[in-house]
Amino acid sequence: MTPFNERIIEALETPELRSNLRGAMDFLRSKRSLSIEDYALWQQHQDIATDVRHALPQQLPELLEQLEQSCTRNGIEVHWAADASDARKIFLQIAQATNATRVIKGKSMASEEIELNTHLEQHGIESTESDMGEFIVQLANEKPSHIIMPALHKNQEQIAELFNQKLNEKADASDVDQLIGIGRKVLREKFKQADIGVSGVNFAAAKSGTLCLVENEGNGRLSTSVPNCHIAIMGIDKVIPDLSSLPSLLYLLTRSATGQEITSYVNLISGPRKPDELDGPKSVHLIILDNGRSSIASDPALAATLACIRCGACMNHCPVYTKIGGHAYGTTYPGPIGQVISPQLDGGEEHNELLNACSLNGACGEACPVNIELPDMIRELRNQRSAAQPNHTGEKMVWHAWRAIHQSPRLYQLTSLMMRIPGLSSLLFPRRWTKGRTSPTPANNTLHALIKAKTNHDNRDPQHEHK
Amino acid sequence: MNTNSQNAREKILERLRLASRAAARKKPDIQKKERISIQDNPLSKPLSLRDQLQKNRFEVIVVRNETLPQILSAIVEEIDESRPLSWLLGNGAVNNSIVDHLQKIDRQTAHQFDQPFETLKDSIFNDIDIGLTHCESVIKNTGTLVIQPSADEPRTLSLIPPIHVIIANKAVVFDSLDGYFAQEIELSLIEHSNLIFVSSPSKTADIQQKLAYGAHGPKRVIVVLSDQQLNEE
Ligand code: SF4
């Protein structure tokens with residue numbers, strides 16, 4: 001059994017995880033659908049955002065250069081990282097140049113991607129996650145299981161228990177306000193002491209050199225305002241031409257992610273503290289990270305995934321994610337979008353296997369606010385992958401037979417007849433499949449026969465037309 | 001930029017240029033979703049500015065012709081705390097005069113953000129109860145207040161103290177974010193290296209999807225508007 005299969009089974013055999021996931025998914029889905037009150041307006045914004053985001057693969061080189069120029073003009077120092085190791089080196093150089101020993105982090109998936117925390121710890125730099133969900137996950141020595149709600153796999157009791165153990169606090173499992181109060185208290189100290197604040201970037205406007213950050217808690221604002229130095233890490237795909245499309249992008253992002261009309265804070269940063277200002281970081285650095293994205297741009301089958309605004313809707317609507325949760329995927333980005341981009345971003349053949357975790361139901365494509373056709377991509381990737389594996393003769397024979405049967409009505413009838421011979425059909429289902437399931441019993445009459453009978457009946461019934 | 005970063009830059013841009021040329025030759029159609037026309041939901045009628053702000057959990061104070069001391073008393077009344085309260089304000093003539101008036105109200109002490117953050121850091125984190133800022137633009141349909149930190153009113157004023165008071169009775173009201181971005185954003189960006197769109201007190205639902213306020217930023221936000229802005233007669 002592959003490690004991926006093992007993780008799936010482990011997840012499915014943990015009832016607490018399944019009920020936590022169910023609760024979280026129901027919550028996020030219903031909030032999202034309630035937030036789309038005016039569908040015409042939704043479609044208008046969707047058109048604008050889709051056009052801007054899908055034009056990206058072609059415009060990337062110009063936009064990134066423009067972003068670099070504008071940021072530099074604004075006093076933001078720009079660095080380029082071809083891969084995770086580049087990004088870690090750049091980060092460490094900045095940290096060491098300023099003798100930084102403590103880092104406070106706002107939510108950033110790009111920093112997860114480069115495994116920043118582990119790297120900093122190895123170099124004696126303390127790195128603390130300040131988003132409540134990320135903080136919980138870090139305390140538990142885990143990774144986020146969702147890109148928007150990192151700790152959704154844990155319930156209140158588990159979190160209180162964690163706070164009791166790790167923070168030596170008398171946490172009351174029945175009182176969420178108290179739990180959040182504990183997090184606030186602990187993290188305020190960390191904000192005060194931090195030398196560097198880290199953030200991700202939701203969108204970066206090339207024309208004005210503006211970084212846009214979206215959040216509810218205020219930890220992102222604190223991370224980017226209190227420490228002396230702010231380092232933002234962004235994938236190259238976060239760039240947008242200018243701020244004119246931002247209202248549409250925000251409209252879709254916050255509704256799709258958490259069902260909010262807008263987040264508590266939208267933070268636009270265009271530079272460090274000015275000479276006459278009294279607070280704000282004295283230096284702002286932007287690390288532009290490729291890490292596989294340029295190969296995605298070069299692959300016509302995948303390029304559209306660069307349009308992704310990381311809202312998480314595709315995972316919230318995926319029947320597989322809903323059952324197994326984010327950890328089972330073993331990647332930075334789980335769920336449908338993760339299945340498609342992880343082989344490129346995280347590298348390694350083993351992530352190709354993630355494509356199996358899909359029932360081709362199409363829900364992710366329906367949910368995606370920027371029209372990324374994830375189901376088509378998953379199908380296309382499966383196709384490519386099976387073409388690269390010519391040895392599956394058994395599977396090939398089955399599909400050849402399947403095609404022959406479905407192309408000839410006579411053969412089709414014959415097989416349906418045979419399927420109804422008692423005992424024969426169960427032979428056709430693989431043992432491994434029927435071990436945990438009852439093999440389906442064929443109906444007494446075939447669909448053909450039923451339709452025929454109905455047509456005959458309708459023809460005999462003159463009232464039918466008026467019904 | 002060091003040589004490593006410079007090399008990475010060339011490598012990334014080169015690959016993207018190749019990809020971009022290939023993409024230009026073979027431009028894929030974006031498959032937009034099928035249009036569904038749905039009757040407008042009568043429940044989705046936009047709320048009034050006051051209702052939208054209150055829905056977002058702002059505490060709204062409406063003023064008509066009140067004098068500054070009267071407005072400040074109304075705010076203190078809304079805050080409704082019996083303990084002594086410590087305020088932090090920005091600089092400039094307007095803030096100076098607010099400080100003068102606040103000092104005259106029972107149990108209120110007002111300080112000004114008149115030194116670099118590093119000097120004031122501990123006291124801002126530990127001693128200040130209320131930060132006060134002004135606001136020049138309000139967005140109606142999302143219930144958003146645009147805060148523009150400046151030399152006079154620094155960034156952390158609206159962020160670290162547990163209560164944030166926003167004086168917005170002179171602000172221009174925009175219908176939507178689109179309107180604000182179309183008319184205002186370019187100018188604001190030139191003048192301010194940081195712009196914050198505040199649409200509720202700080203909050204989180206990271207613990208089992210249960211909503212809690214005062215996650216890292218202010219737990220309460222009090223907004224002062226004028227009756228003209230609300231246009232409610
Ligand atoms: S692929 Fe679409 S639905 Fe999934 S995270 Fe990206 S934008 Fe959201």
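Here is how names work: the chains are called A, B, and so on, in the same order as the sequence lines, proteins then strands, and each is numbered from 1.
At a 4.5 Å heavy-atom cutoff, the contact between I136(A) and chain B is made by side-chain atoms alone. Only the side chain of Q260(A) comes within less than 4.5 Å of a heavy atom in chain B; its backbone stays farther off. Contacts of L246(A) with chain B are made by side-chain atoms alone, with heavy-atom separations under 4.5 Å and no backbone atom involved. K282(A) touches chain B through its side chain: at least one heavy atom from C-beta onward sits under 4.5 Å away, while N, CA, C and O do not. Of the two parts of F181(B), only the side chain, counted from C-beta on, holds a non-hydrogen atom closer than 4.5 Å to a non-hydrogen atom of chain A. For Q158(A), no part lies near chain B; criterion is any non-hydrogen pair under 4.5 Å. Proximity to chain B (any heavy atom under 4.5 Å) is shown, for R273(A), by both the backbone and the side chain. Of the atoms belonging to H153(A), not a single heavy atom falls under 4.5 Å from chain B.
Chain B forms more heavy-atom pairs under 4.5 Å with one residue of N74(A), N219(A), L60(A) than with any other, namely N219(A). Listed options E77(A), E366(A), K154(A) were ranked by heavy-atom pairs under 4.5 angstrom with chain B; first place goes to E366(A). Heavy-atom pairs under 4.5 Å with chain A were tallied for D178(B), I124(B), L120(B), V146(B); the largest tally goes to D178(B). Contact tally against chain B (heavy-atom pairs below 4.5 Å) for I159(A), I90(A), V226(A), T263(A): the top residue is V226(A). Comparing G133(A), P57(A), G218(A), P247(A) by how many heavy-atom pairs each has under 4.5 Å with chain B, the most go to P247(A). Counting heavy-atom pairs under 4.5 Å between each of D299(A), D276(A), L187(A), I262(A) and chain B puts I262(A) at the top. Each of Y265(A), F191(A), Y251(A), F27(A) has some count of heavy-atom pairs under 4.5 Å with chain B, and the biggest count is that of Y265(A). Ranked by heavy-atom pairs shorter than 4.5 Å toward chain A, the options K11(B), E118(B), Q115(B) are led by E118(B). Counting heavy-atom pairs closer than 4.5 Å to chain A, the top-ranked of the candidates Q209(B), Q6(B), K210(B) is Q209(B).
D86(A) places no side-chain N or O within 3.5 Å of a backbone atom of S5(B) that could act as its donor or acceptor partner. A distance-only check finds no donor-acceptor pair linking the side chain of R9(B) to the backbone of A81(A) [under 3.5 Å]. In this structure, R188(A) contributes its side chain and I160(B) its backbone to a donor-acceptor pair below 3.5 Å. In terms of modelled atom types and a separation under 3.5 Å, the side chain of S193(B) and the main chain of S270(A) share no donor-acceptor contact. No donor-acceptor pair under 3.5 Å is formed between the side chain of K274(A) and the backbone N or O of S150(B).
Judged by distance alone, the side chains of T224(A) and R155(B) never bring a donor and an acceptor atom under 3.5 Å apart. The closest side-chain donor-acceptor pair between T142(B) and E261(A), if any, does not fall under 3.5 angstrom. Side chains of N20(A) and Q208(B): a donor-acceptor N/O pair is absent below 3.5 angstrom, by distance only.
Inter-residue side-chain proximity for T204(B) and N216(A) is flagged as unmet; no heavy-atom pair is nearer than 4.5 Å. Side-chain contact between L16(B) and I236(A) is present, with at least one heavy-atom pair separated by less than 4.5 Å. At a threshold of 4.5 Å between non-hydrogen side-chain atoms, the residues I196(B) and R221(A) count as touching.
Within the model, atoms CG of D131(A) and CG of D206(B) stand 5.0 Å from one another, a figure rounded to the nearest 0.5 Å. Between I12(B) atom CD1 and W80(A) atom CH2 the span is 6.0 Å, to the nearest 0.5 Å. To the nearest 0.5 Å, atoms CG (L268(A)) and CZ (F197(B)) are separated by 5.0 Å. Remark: S70(A) OG to L189(B) CG distance equals 11.0 Å, nearest 0.5 Å. L195(B) contributes atom CG, which lies 10.5 Å from atom CD1 of I269(A) (distance to the nearest 0.5 angstrom). Separating the CG atom in L13(B) from the CG atom in L64(A) is a distance of 6.5 Å, to the nearest 0.5 Å.
Residues A8(B) and A82(A) come closest through the heavy atom pair CB-N, 3.7 Å. D279(A) approaches F117(B) most closely through the heavy-atom pair CB-CB, 3.5 Å. Of all the heavy atoms in T156(B) and S225(A), the pair that sits closest is CG2-CB, 4.3 Å. Between K192(A) and K121(B), the closest heavy-atom pair is O-NZ, 2.7 Å. Nearest heavy-atom pair, P201(B) versus S264(A), reported as atom, atom and distance to 0.1 Å: O-OG, 3.5 Å.
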Problem set entry | Chi angles and distances behind the side-chain contact (heavy atoms from CB on, under 4.5 Å) call for K207(A), E186(B) | CA-CA 10 Å; K207(A) 190 172 161 206; E186(B) 304 233 343; 3.6 Å; yes
For this session: Test N91(B) against L278(A) for side-chain contact (heavy atoms from CB on, under 4.5 Å), laying out the working first.
Result: CA-CA 11 Å; N91(B) 305 297; L278(A) 295 165; 3.8 Å; yes
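Looking at D290(A) and R15(B), a side-chain N of the basic residue comes within less than 4.0 Å of a carboxylate O on the acidic one, giving a salt bridge. R17(B) has no carboxylate O lying under 4.0 Å from a charged side-chain N of E62(A), or vice versa, which leaves the two without a salt bridge.
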